[in-house]
Amino acid sequence: MAALSKSIPHNCYEIGHTWHPSCRVSFLQITGGALEESLKIYAPLYLIAAILRKRKLDYYLHKLLPEILQSASFLTANGALYIAFFCTLRKILGKFYSWTPGFGAALPASYMAILIERKSRRGLLTIYMANLVLLFCITAAMYMFFFRCKDGLKGFAFSALRFIVGKEEIPTHSYSPEAAYAKVEQKKEKLEDKPRKMNIVALVRKLVDSICKKGPRHRCCKHYEDNCISYCIKGFIRMFSVGYLIQCCLRIPSAFRHLFTQPSRLLSLFYNKENFQLGAFLGSFVSIYKGTSCFLRWIRNLDDELHAIIAGFLAGVSMMFYKSTTISMYLASKLVETMYFKGIEAGKVPYFPHADTIIYSISTAICFQAAVMEVQTLRPSYWKFLLRLTKGKFAVMNRKVLDVFGTSASKHFQDFTPRLDPRYTTVPPELPTEFS
């Protein structure tokens, strides 16, 4: 309690917005920078998601831009409202306590910000406490199990998994095997009527067909057009291509900024290691899942939803190719959310209104407290995200003054001392600088 009651008399300029003495100007600068970065993040993300979900023209004309602006406003508000409450708390309390620069300012800011975002996107955020790949394996196993179960998943989660692993892995279909074979025959007739163009896609497909032409297919498998080997290989090629193209699209804005100054950097748009890593991750996930599912159908001679747990867990090893804390934690939090609401539907757990909003606010406030007082305990990826969102301004806080609270706040900032204007400080600066 002694640490919590300890305080320092410095004002918000001396601690927080050291680059400008005005609270209002600092707020506007943070808002502008955060909005710019938020649009860069959400614009390609929503566009790619719309393409993958095969949205109709009406969505692009009337819904795409509002959804981008809504999510961008949420992320912008997270940064802008933080600096607003940072200054407000200092003026109300008259001093800084150990909890006010981080947790105190971030809690109301994140709570108000998340209310701007759409309800469907308010994920449960948690603190990173588990091994990344193991966590993803467990998450993937449960997701694939719910995917295979009747009414297990709904909405975007179901649509996304159906796109990734294919509708053949859904246990129930609206068409019979005979109808499926009829569709295959019709497709073959159409292909025979049209002259084949030997493009790259056709050559790859011809190569795959020649390799897997005589492979077996179990009677429980619903991939009627392919044998099991071809089914897995085509799944890998398809999702590898999707992952590669997604990563290329995400790199387009940064690559074109250097179009005239460094034209050679455009080559990195296509030959970057991250492009192949995301492709390998998605491709191997699908092929391992499909291969394991087929293998289990062969050895057990039946198609069982429980196969999805084993196949999903083994497919989770694919994250070794693309270790992403963001993906792993987001999917894990959404899984917790899904299981929580299923428990509510079954009457097994109580319903807590606004639980996702409260958990998000507390989690974000904890992360901001760490970013201010103990940067060394924060995940490097999250710290880089905060720097990007604030245009580097989170790094110019006067953390040497905060060392009095005993958290080693300036541990990684020993060489930095802000250039403060003595006319706007309450405590003489450590290294006074002449101002004109």
Heavy-atom side-chain proximity of [X] to [Y] below 4.5 angstrom:
X      : Y      : result
Cys137 : Val317 : yes
Phe236 : Leu282 : no
Ile48  : Ile51  : no
Lys6   : Phe405 : yes
Lys391 : Glu36  : yes
Gln29  : Lys393 : yes
Met142 : Phe313 : no
Ser71  : Ser38  : no

### Message
Taking the six-membered ring of Phe85 as reference, does the cationic atom of Arg90 (NZ for Lys, CZ for Arg) lie under 6.0 Å from its centre and within 45° of its axis?
### Response
no
### Query
Within 45 degrees of the axis of the six-membered ring of Phe416 and under 6.0 Å from its centre: does Lys400 put its NZ or CZ there?
no
### Parallel, tilted or perpendicular, as decided by the 30° and 60° cut-offs, for the rings of Tyr82 and Phe394
parallel
### Query
Mind checking whether Tyr322 and Phe281 have parallel, tilted or perpendicular rings, split at 30° and 60°?
parallel
Please round to the nearest 0.5 Å and tell me the distance separating atom [atom1] of [X] and atom [atom2] of [Y].
X      : Y      : atom1 : atom2 : answer
Ile362 : Ser110 : CD1   : OG    : 9.0 Å
Asn398 : Asp403 : CG    : CG    : 9.5 Å
Leu296 : Leu302 : CG    : CG    : 9.5 Å
Cys232 : Phe295 : SG    : CZ    : 12.0 Å
Ser293 : Met144 : OG    : CE    : 7.5 Å
Leu389 : Leu35  : CG    : CG    : 10.0 Å

### Matching residue for Phe103 among Ile366, Thr364, Val372 - test: side-chain contact (heavy atoms from CB on, under 4.5 Å)
Ile366
Thinking salt bridges, do [X] and [Y] make one under a 4.0 Å N-O criterion?
X      : Y      : answer
Lys411 : Glu374 : no
Asp303 : Lys222 : yes
Lys40  : Glu37  : yes

### Message
Looking only at the aromatic ring of each residue, does the gap between the centers of Phe276 and Tyr244 stay below 6.0 angstrom?
### Response
yes
### Message
Taking the six-membered ring for Trp, are Phe86 and Phe96 closer than 6.0 Å centroid to centroid?
### Response
yes
Quick check: closest heavy atoms across [X] and [Y], and the distance to 0.1 Å?
X      : Y      : value
Ala140 : Gly316 : CB-CA, 4.4 Å
Phe74  : Ala113 : CD1-O, 3.3 Å
Tyr111 : Ser361 : CA-OG, 3.1 Å
Val396 : Thr18  : O-OG1, 2.5 Å
Arg238 : Ile164 : NH1-O, 3.4 Å
Thr76  : Thr31  : CG2-O, 3.6 Å

### Task
List the steps, then state whether side-chain contact (heavy atoms from CB on, under 4.5 Å) holds for Lys342 with Phe146.
CA-CA 11 Å; Lys342 285 188 173 296; Phe146 285 126; 3.9 Å; yes
### Query
Any side-chain donor-acceptor pair under 3.5 Å between Ser410 and Gln414?
yes
### Task
Test His307 against Arg300 for side chain to side chain donor-acceptor pair (under 3.5 Å), laying out the working first.
CA-CA 10 Å; His307 292 173; Arg300 296 193 66 203; 3.1 Å; yes
### Query
Under 3.5 Å, is there a donor-acceptor pair between the side chain of Gln369 and the main chain of Ser98?
yes
### Query
Under the 3.5 angstrom rule, does the side chain of Ser230 hit a backbone N or O of Asn227 as a donor-acceptor pair?
no
### Message
Walk me through whether Phe285 and Leu314 qualify under side-chain contact (heavy atoms from CB on, under 4.5 Å).
### Response
CA-CA 8 Å; Phe285 180 90; Leu314 293 178; over 6 Å; no
### Message
Pair His17, Cys87 - check side-chain contact (heavy atoms from CB on, under 4.5 Å), show working.
### Response
CA-CA 9 Å; His17 47 88; Cys87 298; 3.5 Å; yes
### Message
Let's go through Leu107 and Phe368 carefully: what are the C-alpha distance in whole Å and the side-chain angles of both, what is the deciding distance for side-chain contact (heavy atoms from CB on, under 4.5 Å) to 0.1 Å, and is it a yes or a no?
### Response
CA-CA 9 Å; Leu107 184 62; Phe368 269 71; over 6 Å; no
